[in-house]
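Side-chain atoms are counted along with the backbone in the values below, which use heavy atoms only and exclude waters and symmetry mates. Just so it is clear: chains get the letters A, B, ... in the order the sequence lines come, proteins before strands, and each one is counted from 1.
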Amino acid sequence: MTDTNTPANVEDAPKRSLNFIQEIVEEDNRTGKWGGKVHTRFPPEPNGYLHIGHAKSICLNFGLAKKYGGKCNLRFDDTNPVKEEQEYIDAIIEDVRWLGFDWDGEPLYASSYFEQMYEWSVQLIKDGKAYVCDLPLEKVRELRGSLKTPGKNSPFRDRPVDESVDLFEKMRKGDFPDGSKTLRAKIDMTHANMNLRDPVMYRILHATHPRTGSDWCVYPMYDWAHGLEDSIEGITHSICTLEFEDHRPLYDWFLNALGLHHPQQIEFARLELTHTLMSKRKLLELVQDNTVTGWDDPRMPTLRGMRRRGYPAESIRDLCDKVGVAKMHSTVEFALLEHCVRNTLNKTAPRFMGVLNPLKVVIENYPENESEELDAINNPENPSAGTRKVPFSREIYIERDDFMEDPPRKFFRLGIGREVRLRYAYFVTCTEAIKDETGEVVELRCTYDPATRGGDAPDGRKVKGTIHWVAANHAIPAGIRLYDHLFDKENPNDAPDGKDYRVNLSDNSLTVLADAMVEPALKGTAPGFHLQFERTGYFCVDLDTTPEKLFFSQTVSLKDAWAKMKKKDK
RNA sequence: UGGGCCGUGGUGCAAUUGGCAGCACGUCUGACUCUGAAUCAGAAGGUUCCAGGUUCGAGUCCUGGCGGCCCAACCA
């Protein structure tokens, strides 16, 4: 991964306080609890694509290992074959790598430990701590009681050990239909924590597993399996989200019952972002009902979506660093993510000129059939990025928004009789606006000052505005897609009774500009190429680009003081 | 009297563990400017959920409230 803390500024970097998990780790290191070892893991279930919420967990777990010289495993929690697929495994591996993290050797799988888990469960049965229960689902639910009332023991709770061992072996082999039996831990049906009311350890599932095929007819439940996976791998700090706090006693119970290496489970608040959703289920719905074009739609909060949108991995890591780690439920403003994205792209993205909504301009005193090349700076933030040539000619395109017939005083751009600078080129003055029969301006007539070549006036006169442009006969047509929040509301789930998050879907999350014109230097750029269209925003060459036609996705707009002023006036 | 967790500017986090409530984003000014970007300078914004208590001193400790979130899948 890229180091965001360069050694150079470590000295004068502000002292950052530790988050509560780092404090635990440092305390453990002080007391020698784990012999100075730090071993974490990121344990996704391969039943969907990774999103920005997962990124927080990934950065936390891999980041902790890195900070304290430890290790972090990528481990698939593949204990439910009916929901999991190889497709997701592959995608998750790709996304974690893209985010900038790596691990020792091959990824790990919970399913690799199935045999060991089975042996341990037999041991628990023999210890009188687990039993095979024949109760059907509904009956189990009924006997579990409720939040305020205790549960009741299963009639199979005290079944002879040998019988349970025998039945469990038959369950494993597939002698019983799905749902007919479970293996349950014998804990306490009256416990205030529902998780301890004889939780199911194994259910029967005649399903094909992406890795173990049809070897198994029983699959372990999360609570039973997870601690064992952590234990087997020698995990020290098992970090998960808040909703598992209630499960920690069970995590601890199993490990204690077996007397195994016992990692510490620590819970933190997951990342939530305004104007978007983190629910895998809802994201899947958006894909399935074609609200978006797929998991990698640039509007999706998935890592693939953000990657396609042009968000650099570094920015996402930066966000995760900035949001911190705590136990309070919170929702981060999307603007913080955008700030992180602009911040890295400002330093790295080469600049180009592209006209989103072209308006033709004829420079009347510029010779016909002639053109010249002007020097343009590739990245003012990075001199080593060098310069490039930009062709100029008599007919150019400028942005429609950069011209107003009757501009207000504060409008620094083109108007009739006004002079502006064409970036890196000449000062031009607008002499006439040509309209069609509907009154729409379709072309501008201008004159230029040859003495201002390169963009400076020898007489020292200033212009207030500088606008971007492309030469008409050299420009490349391109398709551009602008994106906005998928949801209008900060909290998409805030819907009236009887309605769901869909009512908050934004009408303008996607704007397609079919007739954009970009400078010829962009010819041949490949998908994934990041750039800035000056004065407009950061963009990324999209996957849909072909040798015949370029498509750009807007990553994020530039901050726009003018747009803000206009908004205020309304 | 089910259990668990959490309450600090608009948002996300800090506060040397009892010592002047800070940082970042956002917002608003201004400067600079061949990107109305970036950069720079500045400002506004807090009853630290409430009420008591301990203390010279409480965001921090104690007591009692209030509020929010999570838990009754053979999901994770």
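Phosphate proximity of B:C13 to A:S330: present, with a side-chain N or O under 4.0 Å from OP1 or OP2. Listed pair A:R248 / B:G4 fails the phosphate criterion, with no side-chain N or O lying under 4.0 Å from OP1 or OP2. Between A:K181 and B:C74 there is no side-chain polar atom (N or O) within less than 4.0 angstrom of OP1 or OP2. Side-chain nitrogen and oxygen atoms of A:T79 include at least one within less than 4.0 Å of the OP1 or OP2 phosphate oxygen of B:A76. Residue A:R144 places at least one side-chain N or O under 4.0 Å from the OP1 or OP2 atom of B:C74. Under 4.0 angstrom from either OP1 or OP2 of B:C28 there lies at least one side-chain N or O belonging to A:K564. Residue A:K327 places no side-chain N or O under 4.0 Å from the OP1 or OP2 atom of B:G7. Put simply, A:K566 has no side-chain N or O that comes within less than 4.0 Å of OP1 or OP2 on B:G36. Considering only side-chain N and O atoms, A:R270 lies nowhere under 4.0 angstrom from the phosphate OP1 or OP2 of B:A76. Remark: A:R535 is in phosphate contact with B:G36, judged by side-chain N or O atoms under 4.0 Å from OP1 or OP2. Between A:H339 and the phosphate of B:C25, there is a side-chain N or O to OP1/OP2 separation shorter than 4.0 Å.
Nucleotides B:C13 and B:U8 are separated by 10 Å at their C1' atoms, to the nearest Å. Comparing the same atom, C1', in B:U47 and in B:A43 gives a spacing of 23 Å after rounding to whole Å. Comparing the P positions of B:G18 and B:U27 gives a spacing of 38 Å, expressed to the nearest Å. Across the C1' atoms, B:U11 and B:U54 are found 35 Å apart, a figure rounded to whole Å. Of the P atoms belonging to B:G68 and B:C25, the separation is 33 Å, rounded to the nearest Å. Between B:G46 and B:U33, the distance separating the two P atoms is 36 Å to the nearest Å. Taking the C1' atoms as reference points, B:C49 lies 6 Å from B:G7, given to the whole Å. Here, B:G3 and B:G64 have their P atoms 14 Å apart, quoted to the whole Å.
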Would A:E84 and A:N47 satisfy side chain to side chain donor-acceptor pair (under 3.5 Å), going step by step from the backbone distance to the final call? CA-CA 4 Å; A:E84 298 154 7; A:N47 67 343; over 6 Å; no

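Contact check on A:D375 versus A:K389 returns a salt bridge, with a Lys/Arg side-chain nitrogen under 4.0 Å from an Asp/Glu carboxylate oxygen. Between A:D198 and A:K186 there is no salt bridge, since none of the side-chain N atoms of the basic residue sits less than 4.0 Å from a carboxylate O of the acidic one.
The partner of B:U1 is absent, by the rule that a Watson-Crick or G-U pair needs both atom distances under 3.5 Å. Across the strands present, B:A38 finds no partner; the criterion is a Watson-Crick or G-U wobble pair with both atom distances under 3.5 angstrom. In this structure, B:G9 forms no base pair with any nucleotide, since neither Watson-Crick nor G-U wobble geometry is met with both distances under 3.5 Å. Here B:C61 sits opposite B:G53 as a Watson-Crick or G-U wobble pair (both hydrogen-bonding atom distances under 3.5 Å).
When ring centroids are compared, A:F392 and A:Y426 come within the 6.0 Å threshold. The aromatic ring centres of A:H468 and A:F533 sit 6.0 Å or more apart.
As judged by a 4.0 angstrom heavy-atom cut-off over every strand, A:E245 is placed among residues touching the sugar-phosphate backbone only. Among the atoms of the strands shown, none is found under 4.0 Å from any heavy atom of A:H226. If you check every strand for non-hydrogen atoms under 4.0 Å, A:L135 touches a base. Within 4.0 Å of A:E84, counting heavy atoms only, lies no atom of the nucleic acid at all. Within the 4.0 angstrom heavy-atom criterion, base atoms lie near A:D456. If you check every strand for non-hydrogen atoms under 4.0 Å, A:T149 touches nothing. Among the heavy atoms of the strands lying under 4.0 Å from A:P136 is at least one base atom, whether or not backbone atoms are also near. The residue A:Y424 sits close to a base: some heavy atom pair falls under 4.0 Å.
Between A:A269 and A:G145, the one whose closest nucleotide on RNA chain B sits nearer the 5' end is A:A269. Residue order along RNA chain B, read from the 5' end via each residue's closest nucleotide, puts A:R453 first among A:D134 and A:R453.
At a cut-off of 3.5 Å, with distance as the only test, no side-chain donor of A:Y538 or A:E338 sits close to an acceptor on the other residue. With hydrogens and angles left out, the side-chain atoms of A:Y251 and A:Q264 include no donor and acceptor closer than 3.5 Å.
For the pair A:H54 NE2 and B:A76 C1', the interatomic distance rounds to 10 Å; values are reported in whole Å. When rounded to the nearest whole Å, the span between CE of A:M353 and C1' of B:A37 equals 15 Å. Taking atom CG of residue A:L137 and atom C1' of nucleotide B:C75, one finds them 12 Å apart after rounding to whole Å. The interatomic distance linking A:E27 (CD) with B:U17 (P) rounds to 13 Å, in whole Å. The nearest whole Å value for the distance from the CD atom in A:E138 to the P atom in B:A73 is 12 Å. A:F268 has its CZ atom 17 Å from the P atom of B:C70, to the nearest Å. Across the protein-nucleic acid pair, A:L147 atom CG and B:C5 atom P stand 16 Å apart, rounded to whole Å. Distance NZ (A:K280) to P (B:A76): 11 Å, rounded to an integer number of Å.
Closest approach to the A:F412 side chain among B:U35, B:A15, B:G36 is made by B:G36 (side chain taken as heavy atoms from C-beta onward). Taking only side-chain atoms of A:A192, from C-beta outward, the nucleotide of B:C25, B:G2, B:G12 with the closest atom is B:G2.
A donor-acceptor contact under 3.5 Å links the side chain of A:D246 to the base of B:G3. The base of B:U39 has none of its N or O atoms less than 3.5 Å from a complementary donor or acceptor on the side chain of A:E381.
Using a 4.5 Å cut-off on side-chain heavy atoms (C-beta onward), A:F20 and A:K327 make contact. Side-chain contact between A:W216 and A:H209 is absent, with no heavy-atom pair separated by less than 4.5 Å.
The aromatic ring of A:Y222 does not stack onto the base of B:A76, failing the criterion of a centre distance under 5.5 Å from the six-membered base ring together with planes under 30° apart.
An anti orientation is assigned to B:U27, its glycosidic angle lying beyond 90° of 0. B:A41 takes the anti form, because its glycosidic angle lies more than 90° either side of 0.
A cation-pi arrangement is absent between A:R159 and A:Y131 under the rule of less than 6.0 angstrom and at most 45 degrees off the ring axis.
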